[in-house]
Amino acid sequence: MDPYVSSFLHENDDFLAGLRAYALDNSVPVLRPDSASLLSTLTALKKPCRILEAGSAIGYSAILMAKAAPDTKIETVEIDPDMAGIARANIAKAGFGDRIRVILGDASDVFPALSGNFDMIFLDSAKGQYVRLLDDVVRLLSPGGLLVADNCIFYGKVYDDPASAPHKHRTIVANMRSFLERVLCGNEFQGTLLETGDGMLVAVRREGK
Ligand SMILES: C[S@@+](CC[C@H](N)C(=O)[O-])C[C@H]1O[C@@H](n2cnc3c(N)ncnc32)[C@H](O)[C@@H]1O
């Protein structure tokens, strides 16, 4: 990225800057700055009442979205109990305990058990899992609702035929391609794949599909 463009990506929120520094020091993956900027802007634009997130980590992206849309309520699913504990503590410290709920569990188990309508769903959990979550995403997302998914390029590995991917990444790449093809080529969503960060999918659930 050109340094002029990246000069606009500095964290101007002290709390989020602290979380990013912690993540860096402790090797916790959180949204890259350009993806964070995009997610924040999309959330502010959409002004969702309810957001569902897969993959809380330390709560960075959930807090970012809560700050971008002051009336939104967020459910965020995290499989790792230690991460879920840190996320809950950070969310309480940020003053969002009443607006963000961390659900401990595997998104593949939690999503099917949820009901109601969400205006926005953000996928940032296991990358090979997105395609398995898609039926529930379609069920839970309101018509006109926004789907955002991070790491869809998967370090560039998604560009190549899955058969030529290293063995350990083959299934993830094949699953990611199935996910992208259903969202971008099917009739359920209007969407686009941006090369922001590690690849951000942005898609709107079509009305009546
Ligand atoms: C990239 S990190 C999430 C970063 C976070 N969204 C942010 O930007 O602040 C991915 C997280 O997903 C969690 N995770 C992985 N597989 C999961 C699953 N099946 N269900 C729920 N969470 C999962 C990991 O433990 C990890 O904390």
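Throughout, residue positions are numbered sequentially from 1 according to the sequence presented. All ligand and atom numbering here is 1-based and tracks the order in the structure. The analysis underlying the following values was restricted to heavy atoms, covering all of them including side chains, and did not include hydrogens, waters or symmetry mates.
Of the protein's heavy atoms, P29 O, 3.4 Å lies nearest to atom 2 (S) of ligand 1. The single protein non-hydrogen atom nearest to atom 15 (C) of ligand 1 is A126 N, 3.7 Å, given as residue, atom name and distance. Of all protein heavy atoms, the one closest to atom 14 (N) of ligand 1 is I79 CG2, 3.6 Å. Nearest protein neighbour of atom 10 (C) of ligand 1, counting heavy atoms only, is D124 O, 3.1 Å. Closest to atom 20 (N) of ligand 1, if we only count protein heavy atoms, is A107 N, 2.9 Å. L31 N, 2.9 Å is the protein heavy atom nearest to atom 8 (O) of ligand 1.
The heavy-atom pair separating T43 from L39 by the smallest distance is OG1-O, 2.6 Å. L141 and R205 get closest at one heavy-atom pair: O-NE, 3.5 Å.
Here's the thing with S61: one of its N/O atoms is less than 3.5 angstrom from an N/O atom of ligand 1. Residue D106 has at least one nitrogen or oxygen atom sitting less than 3.5 Å from a nitrogen or oxygen atom of ligand 1, judged on distance alone. At least one N or O atom of G55, backbone or side chain, sits closer than 3.5 Å to an N or O atom of ligand 1.
For ligand 1, the atoms sitting less than 4.0 Å from at least one non-hydrogen atom of V77 are 21 (C), 22 (N), numbered in the order shown with element in parentheses. Close approach of ligand 1 to E53 (heavy-atom distance below 4.0 Å) involves ligand atoms 6 (N). Under a 4.0 Å criterion applied to the non-hydrogen atoms of Q129, ligand 1 contributes the atoms 18 (C), 19 (N).
Comparing heavy-atom distances from atom 27 (O) of ligand 1 across M65, E78, R20, M83 singles out E78 as nearest.
Of all the heavy atoms of S108, none lies under 4.0 Å from any atom of ligand 1, so neither backbone nor side chain is involved.
Residue contact annotation: G105 has a non-hydrogen atom under 4.0 Å from ligand 1. For S56, the heavy-atom gap to ligand 1 drops under 4.0 angstrom.
A salt bridge is defined here as a Lys NZ or Arg NE, NH1 or NH2 lying under 4.0 Å from an Asp or Glu carboxylate O, and R101 with D98 fails to meet this definition.
Taking 4.5 Å as the limit, some side-chain heavy atom of T72 sits within range of a side-chain heavy atom of R99.
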